[in-house]
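Only this structure's heavy atoms are used, side chains among them; waters, hydrogens and symmetry mates stay out. So that the names make sense, note that chain A is the first sequence line, chain B the second, and so on, each numbered from 1.
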Amino acid sequence: MAFHICSSHSSLFHNRQSFPSSFSSSSSSLHNFLFSNVASSCKRLMLHSKASLHHPKTHAPHQDAVSRDPDANSSSLSKTRVWVNPSSPRAKHFRTKSSSSRYSYLTRLVESLNSSAPPTAQHASTILKGLEDNVSERDAVFILDKIVNSVTAAFVLRYFLDKIKPAGDTELVLYNVTLKAFRKSRDFEGAEKLFDEMIQRGVKPDNITFSTLINSARMCALPNKAVEWFEKVRSFGCEPDAMVYSAMVSAYAQTNNVDMALSLYDRAKAEKWSLDASTFSSLIKMHGVSGNYDEGLRIFQEMKVLGVKPNVVTYNTLLGGLFRSKRSWQAKNIYKEMVTDGVSPDFITYSTLLRIYAGAQYSDDAFGIYEEMKGHGMDMSVDLYNRLLAMCADVGCIDEAVEIFEDMKSSGTCQPNRLSFSSLITVYSCNGKVSEAEGILNEMIQFGFQPTIYVLTSLVQCYGKAKRTDDVVKIFKQLVDLDIVPDVQFCCCLLNVMTQTPIEELGKIIECIEKANTQLGSVVRYLVEEKKGDGDFRKEISELLNSVDVKVKKPLCNCLIDLCISLNVPNRARDLLDLGLTLEIYKNLQSRSQNQWSLHLKKLSIGAAMTALNVWINDLSKALESGEDLPPLLGVNTGQGKHKYVSDKGLVSVCESHLRKLNAPFHEAPDKAGWFLVTRDAAISWLESSSSTESISDLNFQVSGGSTVAFQSG
DNA sequence: GTAGGGTTAG
């Protein structure tokens, strides 16, 4: 026996002559239908097929890609024929080639079936006729498996059932693989109908049928249907297997049915079914979305103990849980473990890490991830760029922000939006870079974006730092012209500007504040004019603080205290701090345990922090005077002070210099960042000596030494 | 590349 081989590569495409007569003669619209599909098939094949590159002439658009099966008959029109001895090594080569041409033929046939969703019955049947009578169960399965539309699949199934007349298992296989097409096109109702048809024809469903149905229900967001089908499995004489349980664990996890998911999971463990990484990921995510990261981590540990190797999705799910629960500090370890484990990060890994790091202001880590993404040629989204830029504004990274902004503009994949411009303006403004901020503002307007209240707030801050009071007023007028209602943050910014403004120009800012918020204007007048009458003052401030949103109570209180310090009315600052404590705007500033008394200054403005520090030292003196025993250690926690918004100096350094000024023997803790500590003995001798020379409660703790411009940061 | 399997961020 010998193989009859076409030596030319024309098996990819056939001459017009071999077009079945039913095509060319009768239906011209069908003709067009096929031709339009062929054109796109040609394009694809020209990219991938060596044969097509070597024989460009075979791609004339008149030729049809799926008209006829190359193996269906032997009347090949190819010019050259070669006889090959079947036992020679060449025969094997040609046999492979022949089966590969059959494969590409079937693939193109499926492409045609999929290219119109759904084709009419006539279209589909015409396409399938190309198979002629040479159709095996294998081919039928191959084709059905790749069909994406349920209507097409139903038609093709019917065609094959007629053609092949399968029995028993073959029929079941064809139905099962058709169900997959229903899953792909999310046609659950159709899948149920197909199941009924199957039963009517006397085909007995198996676990594959049920797991396909259960997963379909899940993917169609019909969890109740998944449960319903799960409960039906046994009534069809089927004992659910690991796959069916696995599908159900995921179905329960996905719908947050924690109890059921876990009970099936426990059962899987008890019965030693192997669940795979995907099912574990579903369980981990389930815990993550219900805010139970630790439980997710427990499942992750268990998974490893059970010998299931975590994959990139598993790690991404864990990182997603960390992002949701804001446990940024744990992300680095998970990422480290992932790398050690040899699992390659993908885009989701990087973007999740970037969000975590940027949000937590781990700037070096965030920049590192950004560089890695660039190194891998990954496209950054606008959101990711913006998160980086926002972080730069928060931590004061000017150069990096500019570089990122330039990268963004030249990325070709996305353009800066309102938020990007706003962040960059904030970066410049926080650092008092007036001309740069103005430049970006102009660019923003050229891009077609009106300045927002965020931008205007930043510009107020910028001009304030530069002591350009008239420009601050100009920005306020712009805000009014744009019909933007000034919010509390904007007012806070004006208060902040006041602390940096020469006394003779304060009136200009106060006028703006009065227009923006009458109540606040009156409080500010009160402070500036040093009115007497405590009762009224407390009442007025309480009303003001109670009138604003809970999110801005603390910033407002902070700004007002800073203003008191700069106006050199420290008693008013103490009143405000006291009021803030009463209204629970400030909580747990002081704490006492057996071994240590502490002062917590995190999230306080510099003025508020220094006021709280003085109050605390005063309290320590009183405790000492009244004969109370001090603990072995006293500590002040300033936090790490990544926020450069407040002052270029930052709370840490201001606190340090203030303590030095007081001669207080606190020392920065070498192993505990953000803490200043002192031992009992050192504290006692200092408190005793300073109370003899000066009353601590009266100390002027302005850090910059100016008469009205305390805590200036420029 | 020939009947089951998806799962991950905002």
What pairs of donor and acceptor atoms, side-chain ones from residues 237-244 of chain A against any protein atom, are under 3.5 angstrom apart with sequence neighbours left out?
residue  : atom : partner  : partner atom : Å
A:Glu239 : OE1  : A:Arg234 : NE           : 3.2
A:Glu239 : OE2  : A:Arg234 : NH2          : 3.2
A:Asp241 : OD1  : A:Met243 : N            : 3.2
A:Asp241 : OD1  : A:Val244 : N            : 3.1

Per-pair distances, 0.1 Å, donor-acceptor, side chain in residues 166-173 of chain A, under 3.5 Å, sequence neighbours excluded:
residue  : atom : partner  : partner atom : Å
A:Thr170 : OG1  : A:Glu137 : OE1          : 3.3
A:Glu171 : OE2  : A:Arg201 : NE           : 3.0
A:Glu171 : OE2  : A:Arg201 : NH2          : 3.1

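For A:Phe195 and A:Trp229, the distance between ring centers is under 6.0 angstrom.
One finds no side-chain N or O of A:Arg183 lying less than 4.0 angstrom from the OP1 or OP2 phosphate oxygen of B:dG4. Applying the 4.0 Å criterion to OP1 and OP2 of B:dG5, one finds that A:Arg218 has every side-chain N and O outside that range.
Residue contacts shown for A:Arg355 include a base, since a base heavy atom lies under 4.0 Å away. Residue-level contact check: A:Ser211 touches the bases, meaning some heavy atom is under 4.0 Å from a base atom. At the heavy-atom level, A:Asp383 lies nowhere under 4.0 Å from the strands shown. At the heavy-atom level, A:Thr317 lies under 4.0 Å from the strands shown only through sugar-phosphate atoms. At a threshold of 4.0 angstrom between heavy atoms, the contacts of A:Thr279 include nucleobase atoms, whether or not backbone atoms are also involved.
Closest to the side chain of A:Arg138, from the set B:dT2, B:dA9, B:dG5, is B:dT2. When distances run from any side-chain atom of A:Ser281 to the nucleotides B:dA9, B:dG4, B:dT7, the shortest one goes to B:dT7. The A:Val141 side chain lies nearest to B:dA3 when the options are B:dG5, B:dA9, B:dA3. For A:Phe347, counting side-chain heavy atoms from C-beta on, the closest listed nucleotide (B:dG4, B:dA9, B:dT7) is B:dA9. Here the nucleotide nearest the side chain of A:Met243, chosen from B:dA9, B:dG5, B:dA3, is B:dG5.
B:dT7 atom P lies 21 Å from atom NZ of A:Lys309, rounded to whole Å. The CG-C1' distance, from A:Leu322 to B:dT8, rounds to 13 Å in whole Å. Rounded to whole angstrom, the span from the CG atom of A:Leu318 across to the C1' atom of B:dT8 amounts to 10 Å. To the nearest angstrom, P of B:dT8 lies 18 Å from OH of A:Tyr315. In this structure, A:Phe300 atom CZ and B:dT7 atom P are separated by 20 Å, rounded to whole Å. We find that CG of A:Asp139 is positioned 15 Å from C1' of B:dA3, with the value rounded to whole Å. Here the C1' atom of nucleotide B:dG5 and the NZ atom of A:Lys184 are 13 Å apart, to the nearest Å. Taking atom CD1 on A:Ile214 and atom P on B:dA3, their separation rounds to 20 Å, with Å as the unit.
Scanning residues 244-255 of chain A for heavy-atom distances under 4.0 Å to DNA chain B yields A:Val244, A:Ser246, A:Ser250. The stretch residues 282-296 of chain A touches DNA chain B through A:Ser282, A:Lys285, each having a heavy atom within less than 4.0 Å of the strand. Residues of residues 169-182 of chain A having a heavy atom closer than 4.0 Å to DNA chain B, listed by number: A:Val173, A:Asn176, A:Lys180.
Note that A:Lys146 lies in the cation-pi zone of A:Phe142, set by a 6.0 Å cut-off to the ring centre and a 45° limit from the axis.
With sequence neighbours left out, A:Val156 forms a side chain to side chain contact (heavy atoms under 4.5 Å, CB included) with A:Leu113, A:Leu128, A:Ile143, A:Leu144, A:Ile147, A:Thr152, A:Phe160. Residues forming a salt bridge (charged side-chain N to carboxylate O under 4.0 Å, His left out) with A:Asp487 (at least two apart in sequence, or on another chain): none. In terms of the side chain to side chain donor-acceptor pair (under 3.5 Å) criterion, residue partners of A:Tyr335 (sequence neighbours excluded) are, by chain and number, A:Glu372. In this structure, A:Tyr357 has no side chain to side chain donor-acceptor pair (under 3.5 Å) partners at least two apart in sequence or on a different chain. Residues satisfying the side chain to side chain donor-acceptor pair (under 3.5 Å) criterion with A:Lys232, sequence neighbours excluded, are absent altogether. Not counting sequence neighbours, the partners of A:Tyr370 by the side chain to side chain donor-acceptor pair (under 3.5 Å) test are A:Asp407. With sequence neighbours excluded, the residues that form a salt bridge (charged side-chain N to carboxylate O under 4.0 Å, His left out) with A:Lys163 are A:Asp133.
Note: A:Ile356 CD1 to A:Lys332 NZ = 11.5 Å, rounded to the nearest 0.5 Å.
At a cut-off of 3.5 angstrom, the base of B:dG4 holds at least one donor-acceptor pair with the side chain of A:Asp241.
Counted by atom type alone, A:Tyr245 and A:Arg267 present one or more donor-acceptor pairs between their side chains at under 3.5 Å.
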